[in-house]
Amino acid sequence: MARGFESKSVADQQEAAMNPRAGSDKGPDPRRRGLELARTDILRRMDAAPSGPHREMLQRALADLDERLRHLAAESPRQE
């Protein structure tokens, strides 16, 4: 008999509880990832934007995102 969606979710949660991720295996910073995705979106919009006020607004948004990424990098430097 097929299991329902909720049963699968419970089974996944139980498995995750039994196999926790190691503390040192954190993965990418979600704040940085969000800013990078927003930056990519702005660049894509700039390619399609005509000149004028809309393009200027996108350029200011891009400069703001770049500044926020710099602050984030200075706040938590990558350890490789």
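Predicted, not measured: the structure shown is a model, and the values here were computed from it.
- In this structure, L65 CG and L35 CG are separated by 6.0 Å, a value rounded to the nearest 0.5 Å.
- Considering every non-hydrogen atom in both R32 and A73, the closest pair reads NH1-CB, 4.3 Å.
- To the nearest 0.5 angstrom, R33 atom CZ is 15.5 Å from R31 atom CZ.
- The two residues A49 and R55 make their nearest non-hydrogen contact at O-NH1, 3.7 Å.
- With salt bridges taken as basic N to acidic carboxylate O contacts below 4.0 Å, one links R45 and D41.
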Mind running side chain to side chain contact (heavy atoms under 4.5 Å, CB included) on M46 and I42 for me, showing each step along the way?
CA-CA 6 Å; M46 284 179 69; I42 294 293; 4.1 Å; yes

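- Residues satisfying the side-chain contact (heavy atoms from CB on, under 4.5 Å) test with L43, not counting sequence neighbours, are R39, L62.
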Salt bridge (Lys or Arg N to Asp or Glu O under 4.0 Å) assessment of R68 paired with E75:
CA-CA 10 Å; R68 291 168 68 183; E75 183 180 290; over 6 Å; no

